[in-house]
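To start, the structure itself, in structure tokens.
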Amino acid sequence: MLARVRTGILGGTFDPIHIAHLHAGETALHAAGLDRVLFIPAGDPWQKTDDRSITPAGIRVEMTTLAIAGTLGFELDLREVERDGPTYTIDTLLSFPAEEELFLVLGFDAAVGLPTWHRWEEVVARAGILVVPRPGYDLSEVIEVVPSAVILEMAALDISATSIRRMAAEGAPYRFLVTPGVHDFIETHGIYTQSSIGDRVVDAKDQEEAQ
Ligand code: ATP
Ligand code: MG
């Protein structure tokens, strides 16, 4: 019998994609013996629209493409940005063939929020949950919330896309927190300058999870 394909799913807003996302992906690939890790930029992440506008999907996809280019086992997957309506992880999981083994790769912060996701019991029924540490969040809380989670060992990296956006807007150095291609792209196009952030308008309706 053929072995089932083991696919890791690393979803996020990726605004921008940074080295903790990439390190989590590679950690999952190796530690869990995955065949591939799909980086899935979120379409309309409804849990993120209260406090800020989100960079248009096309730009987030471009940065994700640049970040993973040439890394064996890493793939870009556009199913969430191409889907209309809110981004629900359960819809993403159910869009894969039943014979494919799926594993969600989540940071501690996303893992503790899992019970707030749409149809989350079905999410954990369909996919294994692989969790990587994130500073500021407790392992004990993760285990309590998602007892079935497999905790992967990884150097905890105290960075976030939020802090990188702020650094880029303020002209502070963040070059080595993203890949060279992503850094050049952000700087060349002024993605996170104060004015470009202020100008963005986002449809606040119909937005869901994606960590
Ligand atoms: P933002 O600050 O905009 O929320 P973020 O850095 O948290 O961005 P997301 O796109 O929200 O990045 O996260 C996507 C996934 O990557 C989530 O599962 C999240 O837990 C994980 N992740 C992001 N940053 C880290 C980090 N520093 N360590 C571990 N996991 C991380
Ligand atoms: Mg986040």
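The structure displayed is predicted, hence computed values, not measured ones. Whatever order the structure lists ligands and atoms in, that order sets their numbers, starting from 1.
- With respect to Asp109 and Arg134, a salt bridge is recorded, a charged nitrogen being found less than 4.0 Å from a carboxylate O.
- A salt bridge does not link Arg4 to Glu99: none of the charged side-chain nitrogens sits closer than 4.0 Å to a carboxylate oxygen.
- Within the 3.5 Å criterion, the main-chain N or O of Phe74 finds no donor-acceptor partner in the side chain of Thr71.
- Residue contacts with ligand 1 include Gly11, since one of its heavy atoms falls under 4.0 Å from the ligand.
- Taking every non-hydrogen atom of Asp109 and a distance limit under 4.0 Å, the qualifying atoms of ligand 1 come out as 19 (C), 20 (O).
- Checking side-chain atoms of Thr7 against main-chain N and O of Arg36 turns up no donor-acceptor pair under 3.5 Å.
- Of the candidates Ala111, Pro133, Gly12, Ala20, the one placing a heavy atom closest to atom 29 (C) of ligand 1 is Pro133.
- Near Phe14, meaning under 4.0 Å from one of its heavy atoms, ligand 1 places the atoms 10 (O).
- Backbone and side-chain nitrogen or oxygen atoms of Met154 are examined, and none is located within less than 3.5 angstrom of a nitrogen or oxygen of ligand 1.
- Listed by number with element, the atoms of ligand 1 under 4.0 Å from a non-hydrogen atom of Arg165 are 3 (O).
- Just one of Leu66, Leu22, Val178 meets the side-chain contact (heavy atoms from CB on, under 4.5 Å) condition when paired with Ile17; it is Leu22.
- Distances shorter than 4.0 angstrom occur between a heavy atom of Leu106 and an atom of ligand 1.
- The shortest heavy-atom distance from His23 to ligand 1 is not under 4.0 Å.
- Considering both main-chain and side-chain atoms, Arg134 comes within under 3.5 Å of ligand 1 through a nitrogen or oxygen pair.
- Between the choices Gly25, Ala161, Ala42, Ala24, the shortest heavy-atom distance to atom 5 (P) of ligand 1 belongs to Ala161.
- Leu104 pairs with exactly one of Ile129, Val131, Thr92 by the side-chain contact (heavy atoms from CB on, under 4.5 Å) rule, that one being Ile129.
- Between Gly107 and ligand 1, at least one N/O pair is under 3.5 Å apart.
- Taking a cut-off of under 4.0 Å to the non-hydrogen atoms of Thr162, the atoms of ligand 1 that pass are 1 (P), 2 (O), 3 (O).
- Looking only at atom types and distance, the side chain of Arg60 has no donor-acceptor partner in the side chain of Thr55 under 3.5 Å away.
- With Ile54, Leu157, Asp158 as candidates, the residue nearest to atom 27 (N) of ligand 1 on a non-hydrogen basis is Leu157.
- The shortest non-hydrogen separation linking Ile164 to Pro16 is CG2-CG, 3.7 Å.
- Under the 30°/60° scheme for interplanar angles, the aromatic rings of His21 and His18 are found to lie parallel.
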